[in-house]
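Here the structure is laid out as structure tokens; the discussion comes afterwards.
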There are 4 protein chains.
Amino acid sequence: MSKGERTKQLIIERTRSLFAKKGYDMTKTSEIAKACNLSEAAVYKYFHSKKDLLIACVTPNEEQPPKQDAKELSTESLIKIYVKEKINWIEKHQEQLKILLTESLHHHELSDIYLQQIDQENGYEKEIITRINKGEMKLISDFLLFRLGFTSSVLSILNHERISKKKYDLHFSEALKEELTAFALYGLLGKK
Amino acid sequence: MSKGERTKQLIIERTRSLFAKKGYDMTKTSEIAKACNLSEAAVYKYFHSKKDLLIACVTPNEEQPPKQDAKELSTESLIKIYVKEKINWIEKHQEQLKILLTESLHHHELSDIYLQQIDQENGYEKEIITRINKGEMKLISDFLLFRLGFTSSVLSILNHERISKKKYDLHFSEALKEELTAFALYGLLGKK
Amino acid sequence: MSKGERTKQLIIERTRSLFAKKGYDMTKTSEIAKACNLSEAAVYKYFHSKKDLLIACVTPNEEQPPKQDAKELSTESLIKIYVKEKINWIEKHQEQLKILLTESLHHHELSDIYLQQIDQENGYEKEIITRINKGEMKLISDFLLFRLGFTSSVLSILNHERISKKKYDLHFSEALKEELTAFALYGLLGKK
Amino acid sequence: MSKGERTKQLIIERTRSLFAKKGYDMTKTSEIAKACNLSEAAVYKYFHSKKDLLIACVTPNEEQPPKQDAKELSTESLIKIYVKEKINWIEKHQEQLKILLTESLHHHELSDIYLQQIDQENGYEKEIITRINKGEMKLISDFLLFRLGFTSSVLSILNHERISKKKYDLHFSEALKEELTAFALYGLLGKK
DNA sequence: TATGAATGAGTGTTCATTCAT
DNA sequence: TATGAATGAACACTCATTCAT
């Protein structure tokens with residue numbers, strides 16, 4: 001990675017953090033430059049506009065690592081593992097997701113990226129959808145809506161925890177993860 | 001209601017709509033004035049600042065009407081009715097709630113109003129909490145988190161529908177309401 | 001005095017006070033109205049503009065009462081009495097004079113009023129000028145300049161006292177009056 | 001001096017002139033920018049607010065050069081020289097002083113700067129105060145008041161001359177300087 | 001690669017003033 | 001005589017963006 005590329009990456013990371021904390025509109029280009037120890041002009045060498053930089057901050061940079069097994073699992077285990085992974089993934093990408101959740105409401109170009117981000121199908125999801133189609137699972141008909149709603153829930157709960165505990169870089173407690181998993185599990189499983 | 005009071009109310013309604021559609025920062029005071037058929041100066045006679053107006057737009061103006069029965073219902077019916085009411089309530093107040101969801105992330109004064117709005121306990125909720133405490137229902141331990149997550153979900157699904165169908169003042173389809181209700185029902189009920 | 005005239009007078013007095021305390025530019029018409037327990041519109045019935053009101057506030061409303069003796073006095077007594085009267089007069093009209101001193105620097109229409117106010121000749125001054133012309137007193141050649149400078153001095157000292165003592169409606173101490181009188185006396189008398 | 005520093009200095013000088021001529025409130029930031037051949041935004045890079053700029057315009061930038069002799073002079077010569085120097089100093093710094101005189105009446109932050117500006121003691125003043133204390137001179141008890149009053153007088157006379165002669169950058173005539181000196185001399189000396 | 005210097009086009013806000021009632 | 005309601009025209013200040021060096 002050349003120096004230019006490293007600088008570009010650094011700008012993205014620092015700016016993502018700012019956008020997540022303060023929102024796109026309230027983050028000034030001067031703050032971005034300061035956070036990167038660069039002049040504003042320098043930042044503009046890497047990104048042609050503030051909006052370009054926003055796009056860069058929310059564009060997924062790494063793919064989900066491919067997953068094992070799935071087929072062998074019982075439906076219950078399948079959902080459990082899937083949901084837990086989902087929670088971890090949200091936790092890990094919370095900055096990008098928070099930006100997407102917030103800004104996609106008003107910058108419609110971001111809506112597509114948000115959906116695309118949320119709609120990535122890993123091994124588990126494929127298997128779940130297969131089973132739904134086979135009738136082995138009853139499920140909310142549009143699985144995207146589940147993912148959308150679930151992501152929003154998790155993000156807003158994370159955010160609430162962050163504000164109410166006044167600590168910034170918060171992670172979920174294991175207990176909360178368990179509860180969320182259980183909730184989604186039975187919600188998804190539905191009536192026996 | 002005097003003329004002044006009517007004008008004030010009108011400003012709130014028109015502005016709420018704008019804030020919900022375009023976001024607080026992207027709604028200019030000039031647009032607000034135009035939407036109200038007033039000069040900017042006139043708007044400022046009613047609200048001392050744009051932020052004051054924001055607060056007015058999200059401050060709950062009417063309380064939930066008190067509810068009937070509750071005690072007599074089976075747990076399943078109780079939750080079902082409760083969730084359905086909740087969905088209707090969210091649908092009805094979606095503009096305020098969308099503003100709160102979005103802006104409370106960055107304007108921390110709004111967080112409290114958001115929580116207070118979400119945390120209103122009507123008759124059903126009291127009964128649910130009673131039953132949880134009696135052990136008749138297993139439930140997500142902090143009921144507030146459920147409400148928070150559920151509200152976010154519903155709002156973001158509503159929003160997604162709105163964007164993907166390109167129709168503005170959207171209501172939920174009954175089918176979707178059913179699905180959401182079922183999801184929440186079994187999620188809340190948990191394993192038998 | 002009719003009710004209208006009384007109201008007009010009241011507006012002048014209250015406003016003069018405000019202008020003196022806060023300056024013309026920093027006194028808002030809304031404050032003026034509030035200080036008078038009137039609506040802004042009502043104030044505009046009496047004065048066609050803010051500037052009109054300013055003029056009214058600094059226009060001398062009452063003449064110097066005519067004075068006794070003068071001719072019989074020794075030069076020293078003459079100056080002493082004259083200066084003391086002058087100080088008392090400044091003290092009494094300090095609000096008008098402060099406004100004039102300050103605002104005439106930038107609103108040139110006021111310069112004339114300021115000079116006219118300062119240039120009023122009472123019995124003492126006439127006698128002093130007579131004696132100067134007869135050569136009985138050596139004096140600063142342009143007596144107006146003396147009055148101008150002296151008035152400014154007294155006002156700025158009054159003002160300094162007011163600020164440093166943090167009391168608003170201050171009067172000079174007798175001791176200070178004595179000193180000022182002595183200073184002016186010997187300054188005017190000059191070398192023997 | 002870097003380009004930035006030169007620009008900053010230029011802004012101060014041009015703005016000082018405007019403030020002195022038109023007053024703080026009546027000088028618009030747009031005029032300041034125009035007078036400096038800069039955009040308003042550029043001016044704001046150098047000064048965070050109009051008030052900051054005001055402060056910069058009245059903050060003394062250079063100290064009085066230390067003076068010679070003093071001790072050897074007769075009291076009369078001492079005062080004469082001192083007063084003449086004072087007049088020259090006021091004449092030289094008339095813009096700053098006029099701003100201070102006018103604006104300190106309403107912007108109380110400036111009062112301190114005004115006093116500090118006026119209260120600088122050069123060699124002559126120290127010697128005068130020494131002699132007062134020794135009883136060799138009778139004097140107005142609070143020397144600060146003399147300086148305050150004297151400065152105001154000189155400024156307002158200067159101003160009057162400026163207005164009545166309709167010439168802007170006026171200097172005192174030598175004759176007037178003599179008269180003012182004489183007046184102050186005998187005022188300060190008092191009765192023999 | 002990096003920046004110091006500069007700006008056009010806003011942005012929220014203020015205020016003296018008007019007028020129908 | 002008095003005012004509630006409204007506004008045009010400004011104003012201080014901001015910010016994303018550009019460009020010569």
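Atoms considered below: every heavy atom in the structure, side chains included; atoms not considered: hydrogens, waters and symmetry mates. Per chain, numbering begins at 1; letters A, B, ... match sequence-line order.
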ask   = Which part of the nucleic acid, if any, lies within reach of C/Ser49 when heavy atoms closer than 4.0 Å are counted: base, sugar-phosphate only, or nothing?
value = sugar-phosphate
task = Round to the nearest Å and state the distance from B/Lys28 atom NZ to F/dC15 atom P.
result = 11 Å
message = Between C/His106 and C/Tyr24 (judged by ring centroids, cut-off 6.0 Å), do the two rings come close enough to count as a pair?
response = no
inquiry  = A cation-pi test, strictly: NZ or CZ of B/Lys98 under 6.0 Å from the centre of the six-membered ring of B/Phe19 and no more than 45 degrees from its axis. Yes or no?
reply    = no
task = Inspect the surroundings of NE2 in B/His108 and state if more than 12 heavy atoms from other residues, nucleotides or ligands are less than 6.0 Å away.
result = yes
note = All heavy atoms of A/Ser111 vs all of A/Ser104, minimum pair found to be OG-O, 3.4 Å
remark   = Residue pair C/Lys45/C/Asp25 against DNA chain E: nearer the 5' end by closest nucleotide is C/Asp25
task = Walk along DNA chain E from 5' to 3' and tell me the first and last nucleotide with an atom closer than 4.0 Å to a non-hydrogen atom of chain C.
result = E/dC15 to E/dC19
query = When we call it a touch if two heavy atoms are under 4.0 Å apart, what does B/Thr27 touch: a base, just sugar-phosphate, or nothing?
reply = sugar-phosphate
Nearest-Å distance for atom pair CD/P, residues B/Glu40 and F/dA12 = 17 Å
inquiry  = Any base atoms under 4.0 Å from C/Tyr46, or only sugar-phosphate, or nothing? Heavy atoms, all strands.
reply    = sugar-phosphate
task = I would like to know whether A/Lys34 and A/Glu31 meet side-chain contact (heavy atoms from CB on, under 4.5 Å); could you show each step before the answer?
result = CA-CA 5 Å; A/Lys34 195 178 293 169; A/Glu31 295 177 272; 5.6 Å; no
key: Side-chain donor-acceptor contact under 3.5 Å, D/Ser30 with D/Glu40   = no
query = Are any of the side-chain heavy atoms of C/Thr7 and C/Leu38 separated by less than 4.5 Å?
reply = yes
query = Name the stems with DNA chain F in them: runs of three or more consecutive Watson-Crick or G-U pairs, distances under 3.5 Å?
reply = E:2-21 with F:2-21
query = Which residue lies toward the 5' end of DNA chain E, B/Ser30 or D/Lys3, if each is placed at its nearest nucleotide?
reply = D/Lys3
query = For D/Tyr44 and F/dT14, is the shortest distance between a side-chain N/O and OP1 or OP2 below 4.0 Å?
reply = no
B/Val43 vs D/Lys51, nearer the 5' end of DNA chain F by closest nucleotide = B/Val43
remark   = Contacts of C/Ala42 and D/His48 projected onto DNA chain F by closest heavy atom; the upstream (5') one is C/Ala42
query = Taking C-beta and beyond as the side chain, do A/Glu5 and A/Lys8 meet within less than 4.5 Å on heavy atoms?
reply = no
query = Got C/Ile12 and C/Arg16 here, is their nearest side-chain heavy-atom distance under 4.5 Å?
reply = yes
Atom-to-atom span, CD1 of D/Ile32 to C1' of F/dC11 - whole angstrom = 12 Å
task = Please work out if A/Gly4 contacts a base, only the sugar-phosphate, or nothing of the nucleic acid, heavy-atom cut-off 4.0 Å.
result = nothing
